[in-house]
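Data first, discussion second: the structure below is written as structure tokens.
A, B, ... follow the sequence lines: proteins, then strands. Residue 1 opens every chain. Quantities reported herein were computed from a predicted structural model and do not represent experimental measurements.
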Amino acid sequence: MNKEAVVVIDYGAGNLRSVVNAITKVGYQAKVTSNPRDVFDAIAIILPGVGAAGDTMDSLEKLGMSNVIRQLIYEGRPFFAVCVGLQVLFSRTEEGGWHECLGVIPGIVKRLPSGLKIPHMGWNQVKQTITHPLFDGVPDEANFYFVHSYYAEPEDMSVVAGTTDYGIPICSVVIKDNLVATQFHPEKSGDQGLKLYSNFLKMALSER
Amino acid sequence: MLTKRIIPCLDVTQGRVVKGLSFTHLRDAGDPVELAAFYYQEGADELVFLDIGATPEGRDNMVDVVECVSERVFIPLTVGGGLRSINDIRRILEAGADKIAINTAAVFNPEIISQGAQKFGSQCIVIAIDAKRANGIDNPKWEVCIYGGRKSTGIDAIEWAKRTVALGAGELLLTSWDADGQRTGYDLELTRAISEAVSVPVIASGGAGNLEHLYEALVIGKADAVLAASIFHYRIYSIHQAKDYLAERGVPVRR
């Protein structure tokens with residue numbers, strides 16, 4: 001089988017170059033694809049986060065990607081979701097009127113409360129709530145780059161691996177088996193962000 | 001807690017940096033890619049590239065610059081200057097920029113804000129507002145300027161700020177035309193008035209001459225980020241020094 005090791009899912013929302021550049025920087029090659037077949041064959045999958053959650057879900061459905069993603073996550077294929085990518089893993093989102101999402105993680109995605117500057121934009125600290133190889137070499141309370149107007153509320157708090165304070169506590173890292181998701185953008189978070197990709201891919205590719 | 005951002009601004013024309021000649025240790029201080037990589041290593045929180053020539057050729061050069069920078073620099077990149085259409089925006093974003101800044105085009109065609117926000121998300125639509133003081137000290141008012149500050153529009157800057165946010169702007173890059181280049185400090189009244197009028201983050205720009213000015217813009221002006229060019233380009237201060245100064249005074253910064 002000719003497996004492309006790392007794929008980045010392209011659902012037509014624009015800038016994927018940063019994610020690909022980050023993967024290259026940490027020593028791997030990523031293939032950008034909108035073909036579910038490529039995703040099915042991959043060893044590690046990255047779902048980047050650009051644009052609105054509703055549009056993202058529509059695009060994933062149209063590409064025939066939603067069920068593939070559900071199945072692969074269920075089977076434990078290493079999967080890294082970023083920003084809106086994290087949000088669509090949940091049951092439903094409030095963005096642009098309530099939309100059904102992938103439902104891989106029970107919970108909802110809500111708009112940040114008014115009174116705060118929205119979007120939550122800039123560098124904020126991630127408190128690591130569990131010990132995990134994803135965080136190898138990353139100090140607790142390290143800063144990562146956020147830009148989002150909606151946030152996820154998991155039903156089962158045991159999937160939360162990192163939290164961030166923005167007036168309210170935000171679930172900023174989710175880990176469940178081989179699924180990793182961050183509300184911030186590792187590809188825009190300097191050395192610490194690159195380390196997360198590096199750790200994830202190290203874990204993913206050593207499992208073969 | 002969300003930190004305040006320090007953003008060096010690179011003025012570029014025909015693919016070359018205009019200021020920054022004090023970087024004698026860089027092989028080519030006029031190369032925006034080298035300069036960007038340097039600031040990234042030094043701890044800049046974001047970078048802004050402004051094409052001050054704003055010609056079609058300049059735009060092509062900018063696409064090349066952004067492609068090269070995004071391979072080496074893993075912090076947010078904002079690009080502005082001469083972007084006129086959704087297509088211009090798309091090209092820059094696909095080259096690896098995270099946000100685009102528009103000024104003149106938004107004044108002439110405000111729909112570009114809502115169209116851009118709908119297509120690419122509000123988070124990548126930055127509205128650059130050049131504001132010029134209009135009348136007396138007792139009741140300050142600011143007018144929006146376009147064409148790099150050369151032309152006043154008569155539009156009230158605060159009203160314009162609110163309108164762009166309603167249309168879908170995700171961030172404002174606010175430059176005081178009066179303070180820009182003076183190195184006597186940001187226009188704090190303007191910065192505060194706009195910051196308090198909108199719900200999106202505001203980047204203060206124009207007038208930074210020392211580190212106290214950065215502090216004032218963030219604390220008195222209530223800005224979310226400060227942009228500066230010459231104090232960093234001429235190595236009057238390093239990014240580290242700026243962050244140390246702010247941290248000592250209780251401003252949260254990324255270190």
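- Of the inter-residue distances, the one linking A:Trp123 atom CH2 with B:Glu46 atom CD reads 8.5 Å to the nearest 0.5 angstrom.
- Proximity to chain A is limited to the backbone of B:Ala95, based on heavy atoms less than 4.5 angstrom apart.
- Of all heavy-atom pairs spanning A:Gly190 and B:Tyr40, the tightest one is CA-OH, 3.4 Å.
- Only the backbone of B:Ala97 comes within less than 4.5 Å of a heavy atom of chain A; no side-chain atom from C-beta onward does.
- With a threshold of 4.5 angstrom between heavy atoms, A:Ala52 does not approach chain B through any atom at all.
- Distance CD/B:Gln123 to CD1/A:Ile118: 14.0 Å, rounded to 0.5 Å.
- Contact tally against chain A (heavy-atom pairs below 4.5 Å) for B:Gly170, B:Ala117, B:Cys124, B:Ser122: the top residue is B:Gly170.
- Proximity to chain B is limited to the side chain of A:His120, based on heavy atoms less than 4.5 angstrom apart.
- Closest approach of A:Asn143 to B:Arg255, counting heavy atoms only: ND2-N, 4.4 Å.
- Counting non-hydrogen atoms of neighbouring residues, nucleotides and ligands closer than 6.0 angstrom, the CD atom of B:Glu71 exceeds 12 such neighbours.
- Nearest heavy atoms, A:Pro119 versus B:Pro201: O-CG, 3.9 Å.
- Side-chain contact between B:Phe74 and A:Asn21: present, with at least one pair of heavy atoms (C-beta onward) separated by less than 4.5 Å.
- Closest of all the heavy-atom pairs between A:Gln125 and B:Thr3 is NE2-CG2, 3.5 Å.
- The contact between B:Arg254 and chain A is made by backbone and side chain atoms together, counting heavy-atom distances below 4.5 Å.
- The shortest heavy-atom contact between B:Gly96 and A:Ser18 is O-OG, 3.9 Å.
- Closest approach of A:Lys188 and B:Ile75 over heavy atoms only: NZ-O, 3.2 Å.
- Atom CE of residue A:Met121 and atom CZ of residue B:Arg5 lie 6.0 Å apart, to the nearest 0.5 angstrom.
- One distance of note links NZ of A:Lys117 with CG of B:Asp224; it measures 4.5 Å at 0.5 Å rounding.
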